[in-house]
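Here the structure is laid out as structure tokens; the discussion comes afterwards.
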Amino acid sequence: MDAFLKRIFYLYGGYDNQEGMSKLNTLMEEVEGKFGANRIFYLSVPQEALIDVASSLSEKAQTQRGWNRVIIEKPFGLGSFSSHQLTTSLLSNFEEKQLYRIDHLLGRNTIENLAVLRFSNLVFMPLWNRSYIHNIQVTFSEELGMQTSARYPKGYGILGDVVHSHIFQTVALLAMEPPVTLDGEDVRHEKVKVLKSIRKLGSSDVILGHSEADSGSNFKDMENLMPTYFGAVLHIDNARWDGVPFLIKAGRGLKKNRVEIRIQFRRVPGNIYHKDGGGHMQDLVTNELILRDVPDEAILIRINNKIPGLGMNLEASELNLLYKDKYNVDVTDSYEQLLHDVIDGDNHLFMRSDEVEAAWNILSPVLSELDNNNATLEHYEFGSKGPDKAGNLWAKHGVKWLDDL
Ligand SMILES: O=C1O[C@H](COP(=O)(O)O)[C@@H](O)[C@H](O)[C@H]1O
């Protein structure tokens, strides 16, 4: 601990002005001595301060004797307009390749496995399209309430917190075309194409909800409410995904902690095991590929198999790769993973400016309804499955969630 603390320095000074940043620069030069050094700046600062902090940093605290990289915590703006202003200011001070917009949820094995499963397994690669996949379900469900609401002054709640980066990045990585290489820019080129192909979300494809428990807000006071639940059906208008609904369920104050992606395949055509009066079992469920992050990291494949015994009876089972059973090691923390990527200069899990813009664009109709107080926020009980109306949305697309959330 002593050795560690010797390497930690604290400086008191204004972070949003040039004077404070000059002091920081002086201190860093003292620590670095006569050697060159690279610098990583981690900005976890209020949105209102970010532009000033970034511009004074750029003017006064960058090293001339190595590279400079800047990590920025989400939310990445509060809607298209503020995000555009922020991006313009950041790009007038830094090059795009210096910016690392961090969303720690993207540092999970599950997220990296999206590409690994697809691009390194021949069994999945040819199936990854509208001909074989019926629908895709992304769940981000938390039991916790909205204790952090104070961070979101504009009141977009879960939209800026989880949907804009985490959910859309998950969908982009899952749905993208094969990148030319694993190089960050190659991956980002493919992700942004997906984001630009996602249809803007109108109110008929979205259910916003709010659970008042422990949010500190009064449900009657609509102007101060922020969505704590987002249910939506995304459509990707491109050749690979035409007609495949992407169902999104993200919320706080829900029944269970669950973070997972389920890829449901189409039914077997002309299934000879379909119940035909002859006693055989029908195919109860379709095949599914499940990537689970919470509660236990796992990759599961649901298949139909014969039940032992006389006769021909089928049931659905899960082939299960449970990470904690297979790998008896400490799981790397997602921040640890992403900070390592920044040091390495690997930016594939960090949103580029055009991705940020494309992602806000998808949400723009919903945000303007919220801005104009025209959005309906469905109330749901704390600890429940979320708003009842979400069920209608899934039914409209003929999709059932196979989980019990
Ligand atoms: O970024 C966020 O993540 C947390 C969940 O992260 P975890 O590491 O605790 O799983 C979420 O609760 C929070 O709203 C969001 O800002």
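Being a predicted model, the structure only gives us computed values, none of them experimental. Read the numbers this way: they start at 1 and go in the same order the structure lists the ligands and their atoms.
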Exercise. For ligand 1, which atoms sit closer than 4.0 Å to a heavy atom of H104?
Worked result: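 So the atoms of ligand 1 that pass are 1 (O), 2 (C), 3 (O), 6 (O), 7 (P), 8 (O).
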
For this session: Please could you name the atoms of ligand 1 that K74 approaches to less than 4.0 Å, counting only its heavy atoms?
Result: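 Once the distances to K74 are compared, the set is 1 (O), 2 (C), 15 (C), 16 (O).
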
For this session: State which residue, out of Y335, F350, Y42, fulfils the ring-ring contact (aromatic ring centres under 6.0 Å, His included) condition with H104.
Result: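 Of the listed residues Y335, F350, Y42, the ring-ring contact (aromatic ring centres under 6.0 Å, His included) partner of H104 is Y335.
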
For this session: Have a look at ligand 1 and work out which part of L105, if any, has a heavy atom under 4.0 Å from it: side chain, backbone, both or neither.
Result: side chain

Exercise. What part of R108 sits under 4.0 Å from ligand 1 if we count only heavy atoms: the side chain, the backbone, both or neither?
Worked result: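 Under 4.0 Å from ligand 1, R108 contributes side-chain atoms alone.
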
For this session: Step through it carefully: locate the ring centre of F265, locate the ring centre of Y132, and say whether they are under 6.0 Å apart.
Result: no

Exercise. Between W128 and F124, what is the ring plane arrangement, given parallel below 30°, perpendicular above 60°, and tilted in between?
Worked result: perpendicular

Exercise. Is E355 salt-bridged to R352, going by a charged N under 4.0 Å from an acidic O?
Worked result: no

For this session: Determine the sole option in I102, L50, V45 for which the side chain to side chain contact (heavy atoms under 4.5 Å, CB included) test with I72 is passed.
Result: L50

Problem set entry | Close approach of R252 to ligand 1, heavy atoms, under 4.0 angstrom | yes

